[in-house]
Amino acid sequence: MAYEHKEIEKKWRAEWAKRKTYRVENNPSRPKYYVLDMFPYPSGAGLHVGHPLGYIASDIVARFKRHQGFNVLHPMGYDSFGLPAEQYAIQTGQHPAKTTEVNVARYREQLDNIGFSFDWSREVRTSDPSFYKWTQWIFLQLFDSWYDPALDKARPIAELIARFEAQGCTGQDASVLTGDVEEFIGEFSAAEWKSFDERTKQLVLQHFRLAYISDAWVNWCPALGTVLANDEVKDGVSERGGHPVERKRMKQWSLRITAYAQRLLDGLDTLDWSESIKEAQRNWIGRSEGATVRFALTPNPSPRERGTAQPTWAERPGYLTADGTVAGKLQDLARENRKAPTEAEEKLWQQIRAHATGGRIRRQHIIDRYIVDFVSLPKRLVIEVDGSIHEARQEEDAARTARLKELGFDVLRFTNDEVMAELPRVVDTIKATLDARPNVAHSSPSPSEKGSGGEVIEVFTTRPDTLFGVSFITLAPEHELVPILTNADRKAEVEAYVEKAKNRSERERQAEVDKVSGVFTGSYAKHPFTGADVPVWVGDYVLAGYGTGAVMAVPGGDQRDWRFAKHFGLPIIAVTEGADIDKEADERKDATISSEGFLKGMKVPQAITRAIQELEKLGAGEGKVNFRLRDAAFGRQRYWGEPIPIYYKDGIPYPLPESELPLKLPEVDKFLPTAEGEPPLARAKDWSYSPLPGRGAGGEVYPIETTTMPGWAGSSWYFLRYMDPHNPERFASPEALNYWKQIDLYVGGSEHATGHLLYFRFWTKFLHDRGWIDFDEPAKKLVNQGMIQGKSAGLVRVFLHRGNKDLPKDLPYEKAPEVFMGFDLHYLLCQPDHAEYKTARQYVVDYITNFYNVTYPEGKVYPDFSVGRPDLFNKGILIPIECIGEDEETVDILKLKQNNLFSRAEFIEWKGRVVCLRQVDKMSKSRWNVVNPDDIIEKYGADTLRLYEMFLGPLEQSKPWDTNGIEGTFRFLRKFWNLFHGAGDAFGVSDDAPTKPELKILHATLKKVSEDIEKMSFNTSVAQFMIAVNELGSLKCDKRAVLEPLVIALAPFAPHIAEELWQKLGHADSVTGAPWPQWNAEYLVEDSFSYPISFNGKTRLQLEFPIALDPKSIEAAVLANPEVQQRLEGKAPKKVIVVPKRIVNIVV
RNA sequence: GCCCGGGUGGUGAAAUGGUAGACACGAGGGACUUAAAAUCCCUUGGCCGCAAGGCUGUGCGGGUUCGAGUCCCGCCCCGGGCACCA
């Protein structure tokens, strides 16, 4: 009987389903092993041969572990929320749930064809309400948590409230605010906390929650109509689709992943993950150690002192808004006022500062001769709260308002009563007014906006040891102090520069990295150590989003500062010994400090420590760790995602009660944003929540959040759901969580290095902190399978030159079909020196002339033509690979013409054929180079596909798909099958005792395969199986004692054929449950070893000696050998090295 | 620029510091067959040689070692990640 793969595989797929062979129970009495594949997104294109690579590898490990007696959890499911289904829905009106359903069915069918041991009873889908109920629940846990830096873990928000009630909020708590999006809300006492109203309290708490909403800089993608996470943006365009992305400030849900930065970094050391992934995460987290340094600002002499005319406010040094003549007196008064605010002022202040709106709001600020209650300097808006006394002073107030207007301020007035009675309305009015006003200072995304103390420029540096080399300070163009620090005479220049820098796209900025640009503000800051005046510049090499958006420039020690200094002729101070500062900055970290000051002569690390000490002594700075990691944007203006279970009351977000979960996706008429630009969920009818019974009937009704969660929400915790997938009470029971714990082996692509793999670790740590799980890393071991690439095929397009006056006017260009040629012909046309060049060119000219059937004036060569670029990634024309012949390069023109896009095309043959260029490329539907596993399975069977994908090379390595070698693995399976089938193809094995050589082959194979699976070196295990089959074949071995263990060993790789043979061997149960055959070293013992005898390391002959022979005797025997003697030519060897069971080397 | 990988026959690739190229594809030759498929055998890194054999060979240049694809130093090239990150 021949090896009939189709029948066998069909039979066993059905049998496995019937017997529930792969069903896994939670059984704490057995040792567990959890193997997981990264969640696939079920795309419409289906699986290609690259997808199963990792699944096959993990399936082999899962089956192997099962043979070894482990209870193996090996589930599969779908990350079924996502953009493609929604885009498709927008185009076709088809509900994404429906598309997803179809795609999932297709995936399932393809996966089933490959014979995986997935326990499908545990399948999960992120878009299933019974799943996303728990995604929403975890979100609510995040919302209900804050990060306690003292305990270094997340805690319930109730505990923060208790703390506020007991001790208020001290400066130390500021370190909780690690995100980049919110402003520090200031300190408050326990008494103050208690006096806050509900709304204020909620606003304050927003600044601490791990899931919070705020005005944030986001990556807005207009084409996709949504915001993107940092890892979804590459080189300024969206990773999916390549649409431009811009920075935009908008209300946004974020997750405070930054609180976990240090732990995410530290945890990497405990993980058995590939170094490249760990390195990518380290880069992404971007920890840098250094110091914060504060430079006090040096006021410029005022114009008045210089005897010039009364300046307008806008011309002043900005923050100095007071009239110099009365400033001193007013300052005292203002200070007093701040200490004793009226009740209304205090109430409003708490609201305003909690609101984080319109940049920083100052209170009791002096402007000209007046103390105003509140002011936003960047928005030039004054807010006054008038007591009853103002009624008698209306005239005076009018004069005051007029003066403020003259200075460029608008005044918003409220009465005490208004503030007390209608606070929300007052706040909303202020907000609306602020929002409507243009920003004079560009609002800074800097996390360091502290809002207290005197005016300073705060910088972050990793090299405080170079402080004595500071010769200027550079601010990012977006820095909030820029407009304030700009001197009147430089205003136009600075504004122009800022405007230009702001409008330059991220892409441009990256492209023009070597162009130095900047502008002097005219202001100076005080050096904290020397007291020297340091000029303040603006330069776009400083990024607003990192550190404080300002750097202390040390041109002697930092190459970027050096270039800036060189370009603008600023002083360059040598900071280190042996530096050649005329040529470049010295960035060495093992140097000795040479700049004048107390650090001189110290080594860099020592100087860093000392500098920080001194800064702290002066109160001018302190040691600080900075991270590049930003908080994760969590809201998407999209339909097809998990709804965020939040409702709004007075504009404040509140969690939906657990009993309301899952909050199901509502039906909408269209999957597009509303006319007002609201997300699609805003289209839903009755998208609101009423806490009282009788929803909508007399009870209060509150709007529900309209953004949805991003694609990575569900995948951040799905591995836990597989442990207990149908639990209606919890995301998974404690018993299941305690049994399965972490993933033992996680297999997937390295493209998830900084996205999924970081969020998934973050959520795990969070759930651990809140006591839901007792481990804080999700996956112990991670293996990245390489990509299987496609091979694109392309042709060269021929372009007829237009606009040539000599050409006949009636050439039918517009109607002309496209003309293509092969790459062999194109190559000739590019080689004017080639012998065939002229022939080839004339051939093409003749072809085209003939084809268009036109005649030309005598002596002219027409038509004039050019050809496309041969680079497929650029301008080459890709063609479907199905249209290529067996030789892998000749185009099958008839087949190609069946494709609509080419039906009218013409192909210029050369030497009877059209040759396409093949280029290794990403395998994707759009590149027409997809190889479908179903086709391979149809021809060779799933077992062959599985073996072949493993045989291709190391799992981690990327390689182009090539069916060249597949015959080899197919032949191997046939030979394996034939070992069990004697003459006449009848099944038959003998029960004779195996011979020594047979046992040796068997045990050598068992040893190699067992070890290789542990190492995930599958290509070498397949090779070993081939060796075994070849050798047993030549020995004509048909012994059960040899073949039966081999069936078990092969079962993880080729389960269908193994089951069939197992059954034929007389077993009623499945081979998957058979215990793994142990190899026995006894059978591998050799009696003798054939020693390579080398002279000076070059092997010359082989001599066989018994294993037991000691090195001394071997040496004697080798030297006694006539051939060796002959080679020695009578000379005595200098040295003889005998390595037992390895080699003999004679040194002459 | 920085940080990870990697570079071995015509191809995919093996190789605890110890006989480089296992295994497989492809190619060439042969057997069986009317023929094809299937199967089996031989050859297959390069160069020289009828042969025995010799020389050479793991991106390049050095080094360590009795012995280096493997370890060290300096380059080149390819793939991936990060990037005016202070």
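Throughout, protein chains are lettered first and strands after them, A, B, ... in sequence-line order, and every chain is numbered starting at 1. Both backbone and side-chain heavy atoms feed into the values below; hydrogens, waters and symmetry mates do not.
Nucleic acid contact for A:Asn1030: sugar-phosphate only, since backbone atoms but no base atoms lie under 4.0 Å from a heavy atom of the residue. Residue contacts shown for A:Val1139 include a base, since a base heavy atom lies under 4.0 Å away. Residue A:Lys1134 is out of contact with every strand shown, counting any heavy-atom pair closer than 4.0 Å. Note on A:Gln957: only backbone sugar-phosphate atoms sit closer than 4.0 angstrom, heavy atoms only; bases stay farther off. Using a 4.0 Å heavy-atom distance criterion, A:Arg1100 is classed as a sugar-phosphate-only contact. Using a 4.0 Å heavy-atom distance criterion, A:Pro960 is classed as making no nucleic acid contact. Looking at heavy-atom distances under 4.0 Å, A:Asn1019 makes contact with sugar-phosphate atoms alone, never a base. Residue contacts for A:Leu952: at a heavy-atom cut-off of 4.0 Å it reaches the sugar-phosphate backbone alone, with no base atom in range. Heavy atoms of A:Arg971 sit under 4.0 angstrom from primed sugar atoms or phosphate atoms, though from no base atom.
The gap from the P atom of B:U8 to that of B:G59 amounts to 6 Å, rounded to the nearest Å. To the nearest whole angstrom, the two P atoms, one in B:C2 and one in B:C84, are 16 Å apart. For B:U44 and B:A38, the P atoms lie 24 Å apart once the distance is rounded to whole Å. Taking atom C1' on both nucleotides, B:A14 is separated from B:C66 by 26 Å, rounded to a whole Å. Rounded to a whole angstrom, the distance from the C1' atom of B:U33 to that of B:C48 is 41 Å. Distance check on atom P: B:G5 versus B:G74 gives 16 Å, rounded to whole Å. Nucleotides B:U39 and B:A22 place their C1' atoms 24 Å apart, quoted to the nearest Å.
When the nucleotides B:C82, B:U19, B:C66 are ranked by their closest atom to the side chain of A:Thr1099, B:U19 comes out on top.
Ring centroids of A:Phe472 and A:Phe564 are separated by less than 6.0 Å, placing the two rings close together.
Because its NZ or CZ atom is both nearer than 6.0 Å to the ring centre of A:Trp1079 and within 45° of the ring axis, A:Lys1007 counts as a cation-pi partner of that residue.
Look at A:Lys6 and A:Glu4 and you find no salt bridge, because none of the NZ, NE, NH1 or NH2 atoms lies under 4.0 Å from a carboxylate O. Under the 4.0 Å criterion applied to side-chain N and carboxylate O atoms, A:Asp1110 and A:Lys1112 are not assigned as salt-bridge partners.
As the counterpart of B:C55, B:G46 is assigned, both hydrogen-bonding distances of the Watson-Crick or G-U wobble pattern falling under 3.5 Å. Under the Watson-Crick or G-U wobble criterion, with both distances below 3.5 Å, B:U33 has no partner in any strand shown. Pairing partner, B:C23: B:G12, with both Watson-Crick or wobble hydrogen-bond distances short of 3.5 Å. With both pairing distances under 3.5 Å, B:G79 is matched to B:C4 as a Watson-Crick or G-U wobble pair.
An OP1 or OP2 oxygen of B:G54 is reached within less than 4.0 angstrom by a side-chain nitrogen or oxygen of A:Arg1127. Within the structure, a side-chain polar atom (N or O) of A:Arg974 is placed less than 4.0 Å from OP1 or OP2 of B:U39.
Contact of A:Asn1145 with B:C66 (side chain to base): a donor-acceptor pair of N or O atoms is detected under 3.5 Å.
Of the two residues near RNA chain B, A:Phe1089 and A:Ser1034, the one whose nearest nucleotide lies more 5' is A:Phe1089.
Between A:Lys566 atom NZ and B:C84 atom P the separation is 25 Å, expressed in whole Å.
Environment of CD in A:Gln1126: sparse, with no more than 12 heavy atoms of neighbouring residues, nucleotides or ligands closer than 6.0 Å.
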